[in-house]
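For reference, the structure discussed in these notes is given below.
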Amino acid sequence: MTSNSCCHPSSAFIDFLDVGGTMTISQEIANLTEDSGQDLPEENVQIGSIQGTVVGLRYYTGTVNRGEMVSLVRQPQNPYDRNAVMVANVYGSQVGHIKKELAAPMAYIMDNNLARVEGVVPYGETNKFSMPVNLTFWGKEENRDAVHNQIRRHGFKLGTEFKGSLICLFALKNAFDKLFDDLMEDKTREMEPAEVVCTSLLPHQKQALSWMTSRENSNDLPPFWEEKSGLYFNVLTNFAVKERPEKVLGGILADDMGLGKTLTTIALIASNFHNGKPLPLEQSVRSRRSSSTCKMKSTSKGKKSDQFEQHIRADVTLKVYLYYGAERIRSVKLLSEQDVVLTTYNVLSSDFGNKANSPLHKVNWLRVVLDEGHVIRNPNALQSKAVLELQSERRWILSGTPIQNSLKDLYMLMSFLKLKPFDVKEWWSRIIQRPVTMGDRVGLKNLQVLVKGITLRRTKNSKVAGRMLVQLPERRVFVQHVTLSEEEREEYEQVRKEGRKVIGRYFEEGTIMTNYADVLAILVRLRQYCCHPGLVGKYTGADDPGTPSELRERLINKITLVLNSGSDEECAICLDSLRQPVITYCAHVYCRPCICEVIRSEKQARCPLCRAQIKTKELVEYPGEEMQAGAATGENWRSSSKVDALMSNLLKLRNEDPTVKSLVVSQFTRFMDLIEVPLREYGFSFTRLDGSMAQKTRAKAIQDFQDSSPGSPTIMLLSLKAGGVGINLTAASHVFMMDPAWNPAAEDQCVDRCHRLGQSRDVVITKFIVKDSVEENMVKIQKKKQELVDKAFGVKKPQDLKQARMEEIRALMEI
DNA sequence: ACCGCCGGGTGCC
DNA sequence: ACCGCCGGGTGCC
C-alpha cells in the first residue's frame, strides 16, 4: 500500500436539468434521427473517393486490420514535406504516411477545409512497406468541384461511385450477436444493500444496485472488446489494439426522475465500499480502511449530504465533506481522507480553471458520480472539460434524460465514461453519429447496442414482474382565473399602452433584437403588475447612455430584469442556462466564460447577437439578488387580487385540514417577500427557499418543511428556479403557481419536487392566471409550444429562435 | 561514353 | 521491395 495521498477517495455527484419522460430507449434513439440534421449541417455529402498508398509502415508501430478505419492527420511541421499527411489507427498510433504525390492535393484540401478525409484499409494490412488505403472525401456540396479539381491537377482522379464499406458488414453480424446477448443479459437480478443502509430499497432499486455493483467489480474487458491472440478487438468496429483498453467500470443510470437514482447510488457507495466489500458497521474496522469517496453535485439543488444522513445508519460515521463555498479547504490530503466528497459543477470548473489549485483533479477517486450528468453536454464548456479530467476507474452518470437533444450529448457521455474508441470525436462520428444521421440501419443498431450495454433505464411506466415500479398518487391541475380590481386594471392598461408603443416602434425600426433587454423589461413589468403592483420597479428606458456610472446602473437593472424574469434565458453562445451571467454594453447577457472566450478568440470582438464591439473590461456582472431594493413590505403594504386569491385558498385549505402543506411558487422573489406579509398576518407558519440562499440555509428550510410535527411550517415560499432537481418536498400536497413560466417544463419540474416517490396524498396544483393579460397570452404560447413538442419532439433550431421570439413578443403584446 | 546497359545499394514524409 | 530509383561501373560483336 503506497502512502500516496491520492489513493482512493470515492464518489462524485453532479446535477442536471431533468425532464421526465416515458419513452423507452429505442424510441429515444429513433427520435434522434429526426433532429440530428442540426448536428452535421451539410457536411454529410460524399464528394468522392480514391485509392491511395500508406507508406513508411516499417518506421511506425501502429497496426491495422483488414477493413479497419484509419484517420488522416496533417503534419504541416514535417521537416521533409510540409504537405505530409499522417495515417493513424483508431488508437491514435501512427501507421505511416500518405505517399507524397497524393499528400500534396490532400494537404491543400484538408488545410482549406474543403473536405474531411476518411480512410479504410481494404487489404494488404500485413504488408511490410506500404499498404493501400481507400480515401473518402466528405464535405459541403459547394466544395465538390474544388476538391475534384485539386486532385485532378495533381494527376489523380476522384471516383464518385459509392463505396460500400466492408466494416459495416462485419459489424452487422457482430452487432446482431451482441444485441441478442443483451436481450439475454438480465438486469433484473436484485442485490440487498449493505446493512448500513437504513432505508429499504424497492425492487427496481435493488436491481439497479446489482447491475451497478456488477459493472464496478467486473474484471471483464469493456463492452464490445474481446481478446484474440494477444490483441484486443472491438467487435463493433473490428479495431484491434495491442494495449488492453482501459476498464469502463461504470455507466449511465438513466432512470426516470423520482425512481430513486440518488438512493441507489448511496446504496452503491455503501455496499461496494472498498475492494468489493460493503461499508462495515464496526468503527474499528473502518478506521483501517484506506479508501475515501468523492461525489459531485450541482449548485443550488437539493442536499445530497442530507440524503446520506437520511439513508445511512446514524451509528455509522461516513465521512462526508461538502467541497463548496468560499470556505472550502483546497487540500488533496483532506479530500483523500473522506468517504464521500460532494461538490458542484461550478466549484469543479472554477477550481479547474485555476489549474494549479484543483485538489479535485489531483485525487484518484474510487468512483466519480455525475448527478444530473447531462449538464456536461456541451463539449466546449469549461465544466465539461473539468469533468472529463477527473480521475477514476468507476465513472457514473445519473440522468433522467441521457439522450436529451442529440447524439452529441451522448458523445460527451461516452467521452466521460472513456468508452473507447467512442471517446474520440472522429470515431464517434464515423462509427455512430454519421451513419445514424444518414439513416444507416447498422449504425442505428450499433448505437442501440452501445447504449444498452452501459445504460440502465426504467421509466415510471416500467414494470417489475408485471407491477408498476412506483405508483404515484394523482396529480391534478386547476387554473384559477384572477380578475384584476378596477384600480389594478387601470394601472395595468396604462403600462401596457406604453409598452406597446415602445415595442411597436422597435418592430417598425426592426430593432427588436438589439433592444431585447428593453422588451423583456416591459414584459416583466406587465407580469409583475399581474402579481402585485408593488413589484414593479422604476422603468429605465432605452435613452442615451449618459455617464458611465449611469450606464452601469442601467445595465445592472437590465441584467437583473433578465435574470429575474424567470424566462430561463439561455446564453446564446453555449445555448445552456446562464452561468456567471454578465451583460455587455450593448445589453446582451451571456455566461462570463463564454463571452470571454469569444473576446479572446477574436481580434475585433463583436457581440454575437448584435455585432456591437465588446471588451472584457466592459462586461457588467450581475450583482446578485441582495442588491435589489426591498419591496414595500412595511406599513404601506397593500394586497393584490392575486394575493387575495392565494390567501383565500390557503385559509380554506387550513380550515379543511390544518395538516395540509403547500408550496407557493413564484418566479419573483420580491413577490414572495410581499406574500410573507399576509401569511404572517393570518398566523401561518412558513418557510422559504430561493436562489439567493446559501446551501446550508436551504437545507434547513427543506428540513423544517419536511418535518411533520405540529407547529412545523405548512407553507413553503419557493422560487421557481430554486425548485430544481433533487429537492424532496413530499410534505406538500398542494402547489400554488403564482405566475406562469415561459417554460412549462420548469413548472412541471417544480411540481415534481412533491409529486414523487414518498408522496402519499394526491397532489393538487393551482395556477393563478390573470384574465385578459400577458399571463393569458403566455399560457396560449405555452400550449402552442407543447403541441409542437408533441408533434416534432422538441426540435430546437437556433436559426428559428430569433423569429420565434419575435412572434412571441407580438403575441404577448397583442401587436 | 556529354550515351545505354548492368547490377548492387537502397527505400516515408 | 519478387518493386522503382539512384548512381557507380562499364562499354562491339
Side-chain angles (χ1 to χ4, degrees), chain A residues 43 46-139 143-144 146-160 163 165-167 229-234 237-243 420-421 423-431:
Chain A
E43 305 274 334
Q46 202 190 103
I47 288 178
S49 55
I50 186 171
Q51 187 167 104
T53 311
V54 188
V55 294
L57 303 187
R58 62 171 154 157
Y59 301 101
Y60 308 101
T61 52
T63 58
V64 287
N65 271 0
R66 172 171 299 207
E68 183 168 330
M69 297 175 180
V70 289
S71 66
L72 291 309
V73 184
R74 281 280 290 122
Q75 279 185 334
Q77 304 300 334
N78 189 300
Y80 303 95
D81 182 359
R82 58 189 179 81
N83 290 326
V85 176
M86 176 184 103
V87 178
N89 68 11
V90 74
Y91 233 62
S93 317
Q94 180 162 7
V95 178
H97 281 103
I98 294 293
K99 215 162 142 52
K100 60 178 180 299
E101 290 79 4
L102 188 56
M106 275 178 71
Y108 179 85
I109 289 164
M110 293 168 85
D111 294 347
N112 291 290
N113 270 325
L114 296 176
R116 278 183 308 114
V117 192
E118 298 184 351
V120 175
V121 173
Y123 56 88
E125 70 281 0
T126 54
N127 292 1
K128 274 197 180 116
F129 305 101
S130 69
M131 61 172 72
V133 57
N134 288 331
L135 300 168
T136 310
F137 293 70
W138 299 82
N143 293 335
R144 178 183 293 274
V147 172
H148 276 264
N149 289 340
Q150 173 66 9
I151 296 281
R152 200 175 315 121
R153 258 201 295 282
H154 287 259
F156 300 97
K157 180 146 174 35
L158 215 51
T160 47
K163 283 225 165 87
S165 81
L166 200 55
I167 187 110
S229 53
L231 287 176
Y232 297 94
F233 279 84
N234 187 300
T237 61
N238 213 30
F239 293 140
V241 287
K242 275 189 264 182
E243 304 83 0
K420 307 211 179 275
D423 57 337
V424 173
K425 184 75 202 205
E426 175 178 357
W427 304 115
W428 169 256
S429 295
R430 284 179 66 175
I431 301 164

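These values consider heavy atoms only, across backbone and side chains, with no hydrogens, waters or symmetry-generated copies. All chains are named by letter (A, B, ...) in the order of the sequence lines, taking the proteins before the strands, and each is independently numbered beginning at 1.
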Separation between the [atom1] atoms of [N] and [M], rounded to whole Å:
N	M	atom1	result
B/dC12	B/dG8	C1'	22 Å
B/dC6	B/dT10	P	22 Å
C/dC13	B/dC2	C1'	25 Å

Whole Å only: how far is the [atom1] atom of [X] from the [atom2] atom of [N]?
X	N	atom1	atom2	result
A/Phe129	C/dC5	CZ	P	17 Å
A/Leu102	B/dC12	CG	P	18 Å
A/Lys128	B/dC12	NZ	P	16 Å
A/Asn127	C/dC2	CG	C1'	13 Å
A/Gln75	B/dC13	CD	P	12 Å
A/Lys100	C/dG4	NZ	C1'	11 Å

Identified pairing partner of C/dC2, criterion: Watson-Crick or G-U wobble below 3.5 Å | none
Counting any heavy atom closer than 4.0 Å, what does [X] reach on the DNA or RNA strands: base, sugar-phosphate only, or nothing?
X	answer
A/Asp81	sugar-phosphate
A/Lys99	sugar-phosphate
A/Leu57	nothing

Phosphate OP1/OP2 of B/dG11: any A/Arg58 side-chain N/O under 4.0 Å =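 So the side chain of A/Arg58 is outside the cut-off, no N or O lying under 4.0 Å from OP1 or OP2 of B/dG11.
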Do A/Asn65 and A/Glu125 have side-chain N/O donor and acceptor atoms under 3.5 Å apart?
->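 Note: A/Asn65 and A/Glu125 side chains miss the donor-acceptor criterion.
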Verify the stacking flag for A/Tyr80 against B/dC12: centroid separation must be under 5.5 angstrom and the ring planes must differ by under 30 degrees.
->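 No, A/Tyr80 does not stack on the base of B/dC12, since the centre distance and plane angle fail the 5.5 Å and 30° test.
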Would you mind checking if A/Glu68 and A/Arg66 are paired as a salt bridge, meaning a charged N to carboxylate O distance below 4.0 Å?
-> no
Go through the N and O atoms of the side chain of A/Tyr59 and the base of B/dC13, and report whether any donor-acceptor pair is under 3.5 Å.
->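 Answer is no: no donor-acceptor pair is held.
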Can you check side chain to side chain contact (heavy atoms under 4.5 Å, CB included) on A/Val121 and A/Val70, steps first, answer last?
-> CA-CA 7 Å; A/Val121 173; A/Val70 289; 4.1 Å; yes
Does A/His97 have its ring centroid less than 6.0 Å away from the ring centroid of A/Tyr60?
->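 Yes - the distance between ring centres of A/His97 and A/Tyr60 falls below the 6.0 Å cut-off.
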Pairing residues for A/Asp111 by the salt bridge (charged side-chain N to carboxylate O under 4.0 Å, His left out) criterion, not counting sequence neighbours | A/Arg74
